Amino acid sequence: MAWQGGGWDLEILVTGYPGKAVEHGGLGWSTVVLLRGHGRIVVLDGGGYGLRKPLVAALAARGVAPGDVTDLLLSHAHHDHAVNWPLFRQARIGIGRKELAWALGVPWGETSVPEHAIEALSRWPTLRLMDDGEEVLPGITAHLAPGHTPGHLIFVIAGDGQDCVLLQDAVKNRVELTTRRTDMTYDAAVSRATIDMVWEICRRRPGCLLIPGHDLPMVVENGVARAIGRHTAGIRAWFGESLDDMTRFDLAPEQTP
Ligand SMILES: [Zn+2]
């Protein structure tokens, strides 16, 4: 999916997936966004370890090497969003000031924070801390959006006719947006206030584009969120007698005509 606005060309490199494993915890299949404009190449989050190869391939398909990226924006400090910052270590790396302070203070081994990666990030020379309300790049404003984590930031891109909001896990999927109820929140009321804020942002200008952390992008028109595109996801597994014999499990929902 591609979008243009405010001097930025936006592409979704990886579309997040709105699901969890039945017995093996969170999948962590999260959204990664590429923004090009104003002489900069910006990546939002970077997925988990398993995404390194597909992410580099998705960038290469667009003529971008990891070393070309000038700015990495991190929405929050969970492993499926923040652990791949070393791929873009020469870039300016932005994370919320409040988020980093929180992530450095969590007890080891108890949260989804990749403790070592965040500790190393806190000492990295190109790290830049971002604050609520700050214009972090031309026309892109960070907003504190707590609930999933205390210092989670969302990013609002002021477009030409339509604004775009990079939600990541402040609103992980369409069901959370429409019901204003959330899974994996430290405080449901805090998450709900964040989702109320997102709806308020969407009321300002028509046709708001929302990009959640674990779902398809959506356009909001007249208070209704409509998903754009379709999911493609699956698993291949070795249950046979040869390496070439793989069983494929399609994880995309049935198409509704
Ligand atoms: Zn996530």
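When a ligand or atom number is given, it counts from 1 through the structure's own listing order. What you see is a predicted model; the values in this text were computed from it and never measured. Computed over heavy atoms, backbone and side chain alike; hydrogens, waters and symmetry mates excluded.
Taking 4.0 Å as the cut-off between side-chain N and carboxylate O, R205 and D163 count as a salt-bridged pair. The pair R192-E176 does not meet the salt-bridge criterion, since no charged nitrogen lies less than 4.0 angstrom from a carboxylate oxygen.
Here the N, O or S atom of D80 that is nearest to the Zn ion (ligand 1) is OD2. Among the heteroatoms counted here (N, O or S) of D169, OD2 is the one nearest to the Zn ion (ligand 1).
The Zn ion (ligand 1) has an N, O or S atom of H214 under 2.8 Å away, backbone or side chain. Contact annotation: H81 places an N, O or S atom under 2.8 Å from the Zn ion (ligand 1).
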(message) Before you tell me yes or no, could you show the steps for H116 and W108 under side-chain contact (heavy atoms from CB on, under 4.5 Å), namely the whole-Å CA-CA distance, both residues' side-chain angles and the distance that decides it to 0.1 Å?
(response) CA-CA 9 Å; H116 291 84; W108 278 30; 3.6 Å; yes
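Residues D80 and H214 bring a donor and an acceptor atom of their side chains to less than 3.5 Å of each other.
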